[in-house]
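Residue numbering restarts at 1 for every chain, and letters A, B, ... go by the order of the sequence lines.
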2 protein chains.
Amino acid sequence: MCEDESIEVAANRVLQERTGLDDIFLKQFNVFSEPERAKRNPIVQDLIDSGANPDLKWFDQRFISVGFYALVDFSKVEPTPDSISDLCAWKNLDEVDSLILDHLQILNKALETLRLQLNYQPLGYNLLAEKFTMPELQRLYETILAKELDRRNFQRKILSYSILNKLEERKTGGAHKAPYLYEFNLENYQKALQNGLYGGW
Amino acid sequence: MCEDESIEVAANRVLQERTGLDDIFLKQFNVFSEPERAKRNPIVQDLIDSGANPDLKWFDQRFISVGFYALVDFSKVEPTPDSISDLCAWKNLDEVDSLILDHLQILNKALETLRLQLNYQPLGYNLLAEKFTMPELQRLYETILAKELDRRNFQRKILSYSILNKLEERKTGGAHKAPYLYEFNLENYQKALQNGLYGGW
DNA sequence: ACAAAAGTGTTATACGTACACCCATGC
DNA sequence: GCATGGGTGTACGTATAACACTTTTGT
């Protein structure tokens, strides 16, 4: 974060630098400030225990991170490293095993937050093509939740939010029955983002 | 926040200094980092516009705040100012109109977060006496939500979470029919705190 | 006796879940 | 024609909302 920008603006900037995308859903979820968090990493612990590398001072530094997660259509983006990154690439969640510092905890907290927010926030805009099919939207939810959902119940639930416009067109060219195309009803989508989808108390 | 403590520990410490309480529900909800946020305050704006007080440099400083909210039984606490506070006192929400910086926005964001969390987190432990009545718990929810709830539906919903133990005793001495006393089932309460109360997807 | 608070119950409706059936398309 | 994916519908259980009746207690 630079001196003249808010943390949100900074997060947007970094996202822009690495993906080229702008106006992306970006959500602050937690601050990580544990003094020893750099050293809590098992890899770092192994290094310290082994006494191998004497140059561990870096891990004595104090880091304070504000976690953000963004929702990005990865097929549209070629990730590019910025000035402080050597490598910037897409990974499947199940490929991610070791990360520096406590970044694995951060990732898990982000996932947890995202899954919670799914209960009262609509999702999918700018993650899908402008016109998309119901199965495509469902795959998106299933990917994030890492579990399968019932086709018919998913459709009913999503449609009940009235954030979608059903189009006359169908998506042809697929191997089976042509599914209808939908687009987001932006007005209602925005409203749902602000007011939430779940009634609660 | 000192150099050797996390932001959570620091928040706990400050809460402890001002209330004397420990082990209180304390939840991080947002980071506020807008560069101009000190100046965005209408009172400060008036000052600047009037040109009255030339000593406005303080508002040029960059503040970054991590917002926490705590749930405290105010009847048990005599708030006491700490080293950086002149005054520390309880206020009703409707008495709060002007605050320095953007602290009014922070307060509102805290309330919004709390009300959302009410949908999937139990609430009441250490806000009520060890034994309490259903109406007392309901008042608590009604106060936070700033709206009335149906007695019978409230009871059913809360009981369905099975975070309460119903006791044989009744609270006598009141002017009317003696209500039953309840206590929290701490084991289930903790579970509910971790796993959430609402099923969702 | 009465008002006010509290216990308990009922009913209609909405929602989530788990299914079954039919239709279109490529092989 | 058959496997597969997709559109649509139904039955069941549970949760929510709205509402009524009875019991207790102090005045």
**Request:** Give me the ring orientation class for B/Tyr69 and B/Phe29: parallel if the planes are under 30° apart, tilted from 30 to 60°, perpendicular past 60°.
**Result:** tilted
**Prompt:** For the side chain of A/Lys157, counting heavy atoms from C-beta on, which of D/dA17, C/dG16, C/dT8 is nearest?
**Reply:** C/dG16
**Asked** Atom CZ of B/Phe132 to atom P of C/dA6: distance rounded to whole Å?
**Response** 15 Å
**Message:** So, under a plain 3.5 Å distance rule, would you say the side chain of B/Arg152 forms a donor-acceptor pair with the base of D/dA20?
**Reply:** yes
**Asked** Atom CD of A/Glu136 to atom C1' of D/dG6: distance rounded to whole Å?
**Response** 13 Å
**Request:** Determine, using ring centers only, whether A/Tyr141 and A/Phe154 are less than 6.0 Å apart.
**Result:** yes
**Asked** Any donor and acceptor pair, going by atom type alone, linking the side chain of B/Ser85 with main-chain N or O of B/Cys88 inside 3.5 Å?
**Response** no
**Selected nucleotide, minimal atom distance to B/His176 side chain, candidates D/dG26, C/dA5, C/dT8** = C/dA5
**Message:** Can you see if the side chain of A/Lys177 gets near the phosphate of D/dT4 - specifically, an N or O under 4.0 Å from OP1 or OP2?
**Reply:** no
**Prompt:** Do the two ring centres, one from A/Phe132 and one from A/Phe184, sit under 6.0 Å apart?
**Reply:** yes
**Request:** Rounded to the nearest angstrom, tell me the gap between atom CG in A/Asn153 and atom P in D/dG13.
**Result:** 16 Å
**Message:** Please determine whether ring pair (Phe, Tyr, Trp, His ring centres under 6.0 Å) holds for the pair A/Tyr161 and A/Tyr189, giving the CA-CA distance in whole Å, both sets of side-chain angles, and the decisive distance to 0.1 Å.
**Reply:** CA-CA 9 Å; A/Tyr161 298 150; A/Tyr189 189 91; over 10 Å; no
**Message:** Using whole Å, what does the distance between atom P of nucleotide C/dA18 and atom CD of A/Glu148 come to?
**Reply:** 13 Å
**Item:** Atom pair distance, as rounded to whole Å: NZ in A/Lys147 and P in C/dT17
**Value:** 8 Å
**Request:** In whole angstrom, give the distance that lies between atom CD1 of A/Ile158 and atom P of C/dC15.
**Result:** 14 Å
**Message:** Output the rounded distance in Å from CG (B/Leu137) to P (C/dG7).
**Reply:** 12 Å
**Asked** Does a nitrogen or oxygen in the side chain of B/Lys166 sit under 4.0 Å from OP1 or OP2 of C/dT8?
**Response** yes
**Complete:** In whole angstroms, the gap separating P of C/dA5 from CZ of B/Arg170 amounts to 17 Å
**Message:** Checking contacts here: which listed nucleotide (C/dT10, D/dT8, D/dT10) is nearest the side-chain heavy atoms of A/Arg151?
**Reply:** D/dT8
**Asked** What's the closest nucleotide to the A/Gln155 side chain, out of D/dT8, D/dG6, C/dA18?
**Response** D/dT8
**Request:** Nearest-nucleotide wise, let me know which of B/Arg139 and A/Tyr161 is further upstream toward the 5' end of DNA chain C.
**Result:** B/Arg139
**Asked** Nearest to the side chain of B/Ala175 - D/dA17, D/dG26, D/dG7?
**Response** D/dG26
**Request:** Tell me which of A/Arg156 and B/Asp150 sits closer to the 5' end of DNA chain D, going by the nucleotide each one is nearest to.
**Result:** A/Arg156
